[in-house]
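Values reported hereafter were calculated over all heavy atoms of this structure, with side chains retained and with hydrogens, waters and symmetry mates removed.
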Amino acid sequence: MSLWVTEEVMRWALRFCSRRSQWTQRSFPVTTSVKNTSFPSRLAHVWGTRQSQACLARSLLRSVRFYSQGGIYSEDLEEKRLLSSPPAESSLQTEAQAADSISGQRQMRSPLMDNLQHCGSPSDVLDLTCQYAPTVRQVSNCLTHMWSTTKKMSDEQRRYELQLMFEHPAFDKLLQRAMKGVGHMRSEDVTYSLLSMVNLGVPQRSHVVQTFLRSCQEKLNDFDEKSLSILASCLEHMESSPNVGALKEGMRLVVEARLPGIKKVMALQTMMRMLGKDAPLNLKRKLERKALSMTDQFSLPNTQYMISTMASMGFYSKPLLDVCSKKITENLHGIPFNRLFAVLHSCRELHYRDLDLLTGISDYVTSTLDIWTNKQVLLFLSVFENLVFCPTALMEAYAEKVIASPDTLTLKDLLCVLKVYSSLNYDLQHHRQQFLDSLSQVLDSYLPKMSGFMLLRSVFYLCLLGHFPSAPLEQLLQSSTMEQFNSTPSTFLQNQERMFQTVDLCLRLDRPPLPRPLAVPPSVLGDPTPRSPSVNQWLSQGLQSVLGDQADTVLQEMVMVENFYLIDGVITKPLPNQTPVTEAYSCEGEELSPAEGSQRIAIICTPQSGFCYGTSNPRGPLAVKIRHLKILGYNPVLVTERELQSVSEEERTEFLRGRIFPEHHRSDTRPKMEQP
């Protein structure tokens, strides 16, 4: 008796908590989420027993109000009906068993299923359910068809059709029938129904969606590979909630246990995406091994999808990436833009670069340039620039296209072109002046529409390219434009000061021929930041070894030039028949000021990212630094950190000697390195 009283008290308390809001016609409510118990630590407790599955619909009706669009859902009446009329439950079970006993051919011949294929919108399906009451199995077919019809619609049409769907009185009844019959659905029907409801926009915290999530928890141990794959696809895009979190944890355990038995590549990839970045590293390694064992089954779409799957997991697997890259490179023709771009974007996220893949895509886009829109070509160029890869053939071909019709560039296009070409420092040779003049012409036409920061970016990119059109420079440096930079947020201030410092250096050192002298106001240059750079030990030891047998040479390390450029080491030596350079210094430790006739060699140690991938071509900022050091009388010598760290001390000394004094050393002094 006391047990019955306790159950009644809990039931009424839960019912009271669920009545916090009323449901009105044509509203779009998000209901309270189902109260989920914490996910058990033992796998056996996650899914429960057959008896608990049979009671799932009744127990959840008492927990939370389910999504209702047509009016107030009478929870009291429903609960009384369930409690006082056990035959209703058994009739559902009988109906489900009867539906399962019918053969697939006979099921497809039912009037509802015959007419379902001709429905072209969710409302058409709902109208059909008013004529023929769907069985438990057919409820899933109806929901799935409703979702599939919307996938073929435009965004505007989809919004309109979904609004009609939510206002349709039969939609409520279909969801009620789905929720009541979920305990008797096949696993595949449960997952397809859940996926369809989520994609149709049924609120994820509504009672019906949460009921299906709880049902998936209970049945998870019985799900086959296909059902797990469908559920994984659904969970990947669902918002966080207790039931979603519990189900994801259960999925992780099931996937790990069943991993050896997975047979389909697509199912494996879907589960990998659902597990995401939070999956433990040891599970990611197991997934990697499983994927590598299935590479002979990879279709071309599988390889593209696998790269984006690894990006979504934040997992870098070079063997798997190499397999996928090779297959894509061999089958580039016919791959649509979206897939190619997704592959490149995923490679950027993973910091993975394969020279054959990047060159192959670049050459393919160049050879088929006419089939791509201007926006698509610019997106390709932008992602190549993000990958620090210079697609030389594509940049040459696109430059010719710009020269032929510069007026087709929008302001956004112009900024993208300036950024890519200045960053990759591609030498257009005889097309260079024509190309830069064309860009300047377009920039002049947009000057009245440009904000101060957009103008600064444009001028900065042009300065990197060594091009100084007077109109944008004059507009940037006039007082009215300068006032716009007084309110720059602190987040962007450092980047703004760096760009102004570069423009200032270019005006002072490049000395472009302008109609009137221009100078950057000191107020936007920022205060000189005190730097205490650390000496590169590998370079320092190597330079001292090189100069040990060199007479009349002076080495000074970590030299700051123009309060902007840092030089790791400056070697000063006299030219033949000149006075030793040691007599030309006022005191030790000051910036070098060598005597006439001496040679200054600037040793610059730079990361590999300072060069375009796979080449020795310096990128924009490094290229400008080299240009300015030459103007200041230095002879720049570039070495990379990898070249210094990957060899022994003796090899390092020989390598530096060959770079600094090539006239006295054999040419073959470059250390052998792996391709980065």
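Taking CG of Leu428 as the reference point, atom CE of Met395 lies at 7.0 Å (rounded to 0.5 Å). The CD atom of Gln304 sits 9.0 Å away from atom CG of Asn331, with the distance rounded to the nearest 0.5 Å. The distance from atom CZ of Phe468 to atom OG of Ser440, rounded to the nearest 0.5 Å, is 11.5 Å. Here Thr392 contributes atom OG1 and Asn617 contributes atom CG; the two are 10.0 Å apart, rounded to the nearest 0.5 Å. The structure places CZ of Arg657 at 11.0 Å from CG of Leu543, a figure rounded to the nearest 0.5 Å.
Aromatic ring centroids of Tyr421 and Phe435 lie under 6.0 Å apart. The ring of Phe500 has its center no closer than 6.0 angstrom to the ring center of Phe460. Between Phe389 and Tyr613, the ring center distance fails the sub-6.0 Å criterion.
Residues Gln433 and Asp437 bring a donor and an acceptor atom of their side chains to less than 3.5 Å of each other.
Tyr461 and Leu415 get closest at one heavy-atom pair: CE1-O, 4.0 Å. The minimum heavy-atom distance linking Leu320 with Ala291 is given by the pair CD2-CB, 3.8 Å. Listed here is the closest heavy atom pair of Asn495 and Arg498: OD1-NH2, 2.9 Å. Residues Leu644 and Cys605 approach most closely at CD1-SG, 3.8 Å, considering heavy atoms. Closest approach of Gly452 to Phe485, counting heavy atoms only: O-CZ, 3.2 Å. Minimum interatomic distance between Ile601 and Phe661 (heavy atoms only, all atoms of both residues): CD1-CE2, 4.3 Å.
Under the rule for a side-chain contact (heavy atoms from CB on, under 4.5 Å), the partners of Pro472 that lie at least two apart in sequence or sit in another chain are Leu443, Asp444, Leu447, Leu455, Val459, Pro469. Applying the side chain to side chain donor-acceptor pair (under 3.5 Å) criterion to Asp354, with sequence neighbours excluded, gives no partner residue. Remark: Pro515 pairs with Ser470, Glu474 by the side-chain contact (heavy atoms from CB on, under 4.5 Å) rule, at least two apart or across chains. When the side chain to side chain donor-acceptor pair (under 3.5 Å) test is applied to Lys226, the partners found at least two apart in sequence or on another chain are Glu188. The salt bridge (charged side-chain N to carboxylate O under 4.0 Å, His left out) check on Arg273 picks up Glu236, with sequence neighbours excluded.
Remark: Gln297 CD is packed, more than 12 non-hydrogen atoms of other residues, nucleotides or ligands lying under 6.0 Å away. Within 6.0 Å of atom CG in Asn282, more than 12 heavy atoms from other residues, nucleotides or ligands are found, so the atom counts as buried in its surroundings.
The salt bridge (charged side-chain N to carboxylate O under 4.0 Å, His left out) contacts involving residues 285-313 comprise Glu256-Lys286, Arg285-Glu288, where partners must be two or more places apart or lie in separate chains. Within the structure, side chain to side chain donor-acceptor pair (under 3.5 Å) pairs that include any residue of residues 357-368 comprise Thr368-Trp372 (at least two apart or interchain). Among residues at least two apart or in separate chains, there is no salt bridge (charged side-chain N to carboxylate O under 4.0 Å, His left out) pair with a member in residues 304-314. Pairs passing the salt bridge (charged side-chain N to carboxylate O under 4.0 Å, His left out) check and including a residue from residues 609-629, sequence neighbours excluded, read Glu385-Arg619, Asp510-Arg627. Here salt bridge (charged side-chain N to carboxylate O under 4.0 Å, His left out) pairs that include residues 397-411, with residues two or more places apart or in two chains, number zero.
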Enumerate donor-acceptor pairs with a distance under 3.5 Å from any side-chain N or O in residues 333-347 to protein atoms, sequence neighbours excluded.
{"residue": "His345", "atom": "NE2", "partner": "Glu349", "partner atom": "OE2", "Å": "3.1"}
{"residue": "Ser346", "atom": "OG", "partner": "Ala342", "partner atom": "O", "Å": "2.9"}

Return a table of donor-acceptor pairs under 3.5 angstrom between the side chains of residues 258-271 and protein atoms on other chains or two or more places apart.
{"residue": "Arg258", "atom": "NH1", "partner": "Phe223", "partner atom": "O", "Å": "2.2"}
{"residue": "Arg258", "atom": "NH2", "partner": "Asn221", "partner atom": "O", "Å": "2.6"}
{"residue": "Arg258", "atom": "NH2", "partner": "Phe223", "partner atom": "O", "Å": "3.1"}
{"residue": "Gln269", "atom": "NE2", "partner": "Asn302", "partner atom": "O", "Å": "2.8"}
{"residue": "Thr270", "atom": "OG1", "partner": "Met266", "partner atom": "O", "Å": "2.8"}

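The closest side-chain heavy-atom distance from Tyr316 to Leu321 is below 4.5 Å. With contacts defined as side-chain heavy-atom distances shorter than 4.5 Å, the pair Phe315/Leu350 does not qualify.
The backbone N or O of Val420 lies less than 3.5 Å from no partner atom in the side chain of Ser423, so there is not a single donor-acceptor pair. Remark: side-chain polar atoms of Glu643 are paired, donor with acceptor, to backbone N or O of Thr640 under 3.5 angstrom. Glu497 places no side-chain N or O within 3.5 Å of a backbone atom of Gln494 that could act as its donor or acceptor partner. Distance alone, capped at 3.5 Å, places no donor-acceptor pair between the Arg600 side chain and the Ile571 backbone. The closest donor-acceptor contact from the side chain of Arg652 to the backbone of Gly542 lies at 3.5 Å or more, if one exists at all. For the pair Thr481 (side chain) and Leu477 (backbone), a donor-acceptor distance under 3.5 Å is absent. The backbone N or O of Ser229 sits nowhere less than 3.5 Å from a side-chain atom of Ser233 that would complete a donor-acceptor pair. Side-chain N or O atoms of Asn425 include one that pairs as donor or acceptor with a backbone N or O of Pro618 at under 3.5 Å. Checking side-chain atoms of Ser405 against main-chain N and O of Thr408 turns up no donor-acceptor pair under 3.5 Å.
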Where do Ser325 and Tyr352 land on the side chain to side chain donor-acceptor pair (under 3.5 Å) test, with the steps shown first? CA-CA 10 Å; Ser325 296; Tyr352 169 76; 3.1 Å; yes

Audit row: His628, Glu562, side chain to side chain contact (heavy atoms under 4.5 Å, CB included) steps and yes/no: CA-CA 10 Å; His628 286 167; Glu562 296 291 329; over 6 Å; no

Would you please test Phe655 and Val647 for side chain to side chain contact (heavy atoms under 4.5 Å, CB included) and show each step? CA-CA 9 Å; Phe655 163 65; Val647 294; 5.8 Å; no

